[in-house]
Each structure stands twice: as structure tokens, then as C-alpha cells.
**Student:** 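Supplied in C-alpha cells, the structure appears directly below.
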Amino acid sequence: MDCDILVSGGGIAGLTAAAAFAGAGFRVVCVDPAPPVTDATAETADLRTTAFLQPARAFLDAAGLWDRLAPFAMPLEVMRIVDAGGPEAEPRVMRDFAASDLSDAPFGWNLPNWLLKRELSQRLSELADVDFRPGTGTVSLFTREGEARVGLSDGSRLRCRLVVAADGRGSPMRQAAGIGVRTTRFGQKALAFAVTHPIPHCNVSTEIHRTGGPFTLVPLPDRDGHPSSAVIWMEDGPKAQALHALEVPAFEAAMSERSCHLFGPLTLATRRTLWPIIAQEAERLSGQRLALVAEAAHVVPPIGAQGLNMSLRDLACLLDLATAAPGRLGDAAMLEAYERARSADVRARVAGITALNRISQVSAPAMQDLRAAGLDVLYGAKPVRTALMRLGLGTGS
Ligand SMILES: Cc1cc2nc3c(=O)[nH]c(=O)nc-3n(C[C@H](O)[C@H](O)[C@H](O)COP(=O)(O)OP(=O)(O)OC[C@H]3O[C@@H](n4cnc5c(N)ncnc54)[C@H](O)[C@@H]3O)c2cc1C
């Protein structure tokens, strides 16, 4: 056997998987045809940020990652939901979900994706049991009961006990295993960029609903002496594309209006990147000697910071099963247990976020009024409010 685990994909999920499994004593090879871009100023840098929710911290800690991420992490103390669905772009209902209602800890911590890739790949270079091969991809998969044989783009072939497919929404390993997907298209795109603003964010993450999808500001550390936030602005595809093409002053005026001027005039601090929005679910989360994780298994619109946090739950589950019975790594019983443990949560979250996104997209005034009233009702009763917060964090059912 060439290694215990082959991780196909070196995105954030794949790099984290490689660090976690190698940290637990498994021999890991991780491949990705695209080397990680670890410089914020590079043309291809991923300028999105990831909000890691509370439960992610223990997993990152156990994988030896948290200490190196903590100095850059921005704590998120309050989740503010704003409905601005009236005729004017102004807040009608504004409700704060405070982490302090649950515990002393923040909801989570926000980190730039390019920085995560830098820190994760540095961690891999310290681990003796990881062979990270950027520039090489997986091209074929052949499995039998006792092993998987994976063909790589450099012409070599590798034998392992488990393939972890973290190779994204179009996952070549998922396709090679013949596992289908159910995809929902919303006709929507997300603009991702960073801004500075005169009014401080006070560690409050703010999600503003009007039409076309949410406009979300997530706290970042100060930039050039000014308060700063990462923005995800979801809109109908053609409108998002038009916004992307606007001259900077016109774009700044448009986003300041869309933010209801809650932070004063917004100044664009990075280039704008455009992301297609879909929801997707693999028909199964495993195949013979194969486990699907992260976007290879599930894709959700960026609402409530669920995407990568679901992925970490996939990894935590696989790691628990692997360490509980290392001799059975990748066998049918282990992969059935993975499927059983993860499929209900994945199905519920993909359905839940799909529904929330549709509610956020509505443009009919009556539906917008209903949305504002719904927010009030959900917020009004404290047990409902705290149950929802726990559900969002993944600590409640
Ligand atoms: C706008 C936006 C904002 C988001 N914000 C958040 C957030 O705040 N919190 C959160 O939890 N989630 C968030 N998400 C979701 C999160 O970004 C994704 O869940 C995460 O980036 C997906 O990671 P991944 O590693 O599965 O996929 P990718 O990042 O797509 O990585 C897949 C990797 O596989 C590689 N690959 C492709 N083909 C092969 C091959 N043949 N062999 C090997 N490797 C291959 C690719 O090169 C790539 O590096 C957001 C998503 C969007 C669109």
C-alpha cells in the first residue's frame, strides 16, 4: 500500500483533511492540480472569508491548526438580521442574535480564505506523514474490496485504503465512482469583496434582506486604520454581473444604498469576485473505498456560514470512525457508518438553506412583509431564538 489515505483536492477542506488525518497518525497523500494561492494580492487569490462556527474550533485545535489561525481570527459576537424589504432601502425589522445568550464564547471566528490556505499548507509541510503534491490531480479510480487504486495526472498510480474526495462541486472522484447529484439552480450569483467603513462593526455580523438575496457584512480586522468587513452580496445573475462591471464610484454608491447605510458610506478595499450560487447534494456520501466530503458531497448558498462548517463535521465524523478502528479504515462497515451519521444532517441543511435563500430572494411586497413578520415571530420567543442559534451552530437538533 502506498499510503493509508489519498485526499483528492487541496482546497480548504482537503488541506484540513490532510492535516487532521496525518496528525492522527495516518499516512496521507494529498493532490490538487492547482497549487494553493497564498498571497492576497495575486490575481487568482480567493478573497472570500470563512466564518468558522464554535464547534469547528475543537476540531481545528485537535488537528494542530487552531493556534496558528487564532492570531488572525476575528471573533463574531452578534448575528444581526435586518429586513429591508419595504419600498425604500431602509431597515424595517432589525434583530440581534447574541452569542452571549448561549455561552461566553463568540459564535465563531472569521478568516480570509487565502490566509487559511497559507497556514494550512505550512502546517502540512511540518507533518512527516503528509505528502502534499500540488500540481498533480486525480484522473481515475479503480476499487476492490481491500483497496483503491487511483490514477494521477503525472501518469503514476497510487494504492490506498481510503480515498477522501474533497475535489469540489464537480468532484472527479465522485464522477469516477458513478455517484450522481441533485442540483438546485437559483439564477443567482454572489459578489465577494472587502470594504472599509466609518462606523465600527463591533464584532457584529450583519445580514440584510431586501430582494435578490442577502447582503452580508462579516467583521474583519481594521484595514489601513479603518473598520473593515468582508461582504457577500447575492443578487439575480444578470444584476450581479452588471454590478461587477460598474465603475468603482457607482459600485460604492450602489452597495452603500444596499447596506441601508448602516455602516456609513462603504469604500471598496479589494477587487470584486463573482461566484455562481447553487445548492447540490450527492446521491450518496460514499462508494467502495471512497468518502465524499465538503462540496464534493454538498453545496449550499452562503447563508449562515454553513458550507465549510458542514464540511468540518464530515471530516470530524470520518476521523472519529478511523481512529476508533484504524484496522478497518475505508472498509464497507466504516463507510456505511459514515453515511448513516452524516446523511440526515446534510439533507436537512441543504433543504433548510435552500428554503432560506428562496425566502431572501422574494420580490413580491406581500412575501417580503411575511418574511419580516416571520423574523419577528422567530425572534420574539427566547427558547425558539436560542434553539435556532444552536441549530445554526450545529450544536442543537
Ligand atoms: C461566496 C461564498 C462565500 C462563502 N462563505 C462561507 C463561510 O463564511 N463559511 C463557510 O463555512 N462556508 C462558506 N462558503 C462555502 C465554502 O467556501 C466552501 O464550502 C468551501 O470553499 C469549499 O471547499 P472545498 O474544499 O470543498 O471545495 P473547493 O474550494 O472547490 O476545493 C476543491 C479543490 O479540488 C481541486 N480539484 C479539482 N479537480 C481535482 C482533481 N482531479 N484532483 C485533485 N484535486 C482536484 C480544485 O483545484 C480545488 O482546489 C462560501 C461559499 C461561497 C460561494
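Any value given below was found using the heavy atoms of this structure, including those in side chains, with hydrogens, waters and symmetry copies removed. Atoms within each ligand, like the ligands themselves, are counted from 1 in listed order.
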**Student:** Between Gly168, Pro36, Gly137, flag the one that comes closest to atom 30 (O) of ligand 1 by a heavy atom.
**Tutor:**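 Considering heavy atoms of Gly168, Pro36, Gly137, the nearest to atom 30 (O) of ligand 1 sits in Gly168.
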**Student:** Could you tell me whether Ala296 approaches ligand 1 through its side chain, its backbone, both or neither, with non-hydrogen atoms closer than 4.0 Å?
**Tutor:** neither
**Student:** For the aromatic rings, using the six-membered ring if either is Trp, is the centroid distance between Phe215 and Trp233 under 6.0 Å?
**Tutor:** yes
**Student:** Taking all heavy atoms of Ala254 and all of Leu243, pick out the closest pair and write down the distance.
**Tutor:** CB-CD2, 4.1 Å
**Student:** Report the part of Ile12 in contact with ligand 1, treating N, CA, C, O as backbone and CB onward as side chain, heavy atoms under 4.0 Å; options are side chain, backbone, both, neither.
**Tutor:**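 Only the backbone of Ile12 comes within reach of ligand 1.
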**Student:** Do we see a donor-acceptor contact under 3.5 Å between the side chains of Arg68 and Gln122?
**Tutor:**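 Side-chain D/A pair, Arg68 to Gln122: present.
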**Student:** Is Glu90 paired with Arg92 through a side-chain N to carboxylate O contact shorter than 4.0 Å?
**Tutor:** no
**Student:** So which atom in Asp222 and which in Pro227 form the shortest heavy-atom distance, rounded to 0.1 Å?
**Tutor:** OD1-CA, 3.5 Å
**Student:** Output yes when Asp61 and Arg57 qualify as a salt bridge under the 4.0 Å nitrogen-oxygen rule, no when they do not.
**Tutor:**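 Arg57 and Asp61: not salt-bridged.
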**Student:** Consider every N or O of Gln306 and every N or O of ligand 1, then say whether any pair is closer than 3.5 Å.
**Tutor:** no
**Student:** Is the ring centre of Phe251 less than 6.0 Å from the ring centre of Phe193?
**Tutor:** yes
**Student:** Identify whether Val195 and Ile232 are in the same connected component of the hydrophobic contact network (ILVMFWY, side-chain heavy atoms under 4.5 Å).
**Tutor:**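 In one cluster with Val195: Ile232, no.
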**Student:** Heavy-atom distance to atom 47 (O) of ligand 1: which of Asp32, Thr50, Asp314 wins?
**Tutor:** Asp32
**Student:** Using a 4.0 Å cutoff against the non-hydrogen atoms of Ala166, which atoms of ligand 1 qualify?
**Tutor:**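 In order of numbering, the contacting atoms are 32 (C), 33 (C), 34 (O).
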**Student:** Select the closest option to atom 42 (N) of ligand 1 among Leu76, Thr138, Leu53, Leu152, judged by heavy-atom distance.
**Tutor:** Thr138
**Student:** Check for me whether Arg27 meets the cation-pi criterion with Phe21, that is, NZ or CZ under 6.0 Å from the six-membered ring centre and within 45 degrees of the ring axis.
**Tutor:** no
**Student:** To check your reading of the model: name the closest protein heavy atom to atom 29 (O) of ligand 1, its residue, and the distance in Å.
**Tutor:** Gly11 CA, 4.3 Å
**Student:** I need the nearest protein heavy-atom contact for atom 8 (O) of ligand 1: residue, atom name and distance, please.
**Tutor:** Ala51 N, 3.2 Å
**Student:** List the closest protein heavy-atom neighbour of atom 37 (C) of ligand 1: residue, atom name, distance to the nearest 0.1 Å.
**Tutor:** Asp167 O, 3.8 Å
**Student:** Below 4.0 Å, non-hydrogen atoms only: which portion of Glu295 touches ligand 1? Side chain, backbone, both or neither.
**Tutor:** both
**Student:** Heavy atom under 4.0 Å from ligand 1: found in Val139's side chain, backbone, both, or neither?
**Tutor:**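 It is neither part, as no heavy atom is under 4.0 Å.
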**Student:** Which residue from Ser311, Pro33, Pro302 reaches closest to atom 4 (C) of ligand 1 through any of its heavy atoms?
**Tutor:**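 That would be Pro302.
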**Student:** Atom 38 (N) of ligand 1: which protein heavy atom is closest, and how many Å away?
**Tutor:** Pro172 CG, 3.7 Å
**Student:** Can a non-hydrogen atom of Thr49 be found less than 4.0 Å from any atom of ligand 1?
**Tutor:**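 It does, in that a heavy atom of Thr49 comes within the 4.0 Å cut-off of ligand 1.
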**Student:** Is there any N or O on Leu308 that sits under 3.5 Å from an N or O of ligand 1?
**Tutor:** yes
**Student:** Can you find a heavy atom in the side chain of Gln188 that is under 4.5 Å from one in the side chain of Asn357?
**Tutor:**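 Sidechains of Asn357 and Gln188: in contact.
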**Student:** Which residue holds the protein heavy atom closest to atom 52 (C) of ligand 1, what is that atom called, and what is the gap in Å?
**Tutor:**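 Scanning the protein heavy atoms, the shortest distance from atom 52 (C) of ligand 1 goes to Arg48 NH1, 3.1 Å.
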**Student:** Which heavy-atom pair separates Gly213 from Arg258 by the least distance, and what is that distance?
**Tutor:** O-NH2, 2.9 Å
**Student:** Which atoms of ligand 1 have any heavy atom of Ile232 under 4.0 Å away?
**Tutor:**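 Listed by number with element: 1 (C), 3 (C).
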**Student:** Using a 4.5 Å cut-off on heavy atoms from C-beta on, say whether the side chain of Ser229 contacts that of His197.
**Tutor:** yes
**Student:** May I ask which of Ala13, Ser140, Gly170, Gly14 has a heavy atom nearer to atom 24 (P) of ligand 1 than the others do?
**Tutor:** Ala13
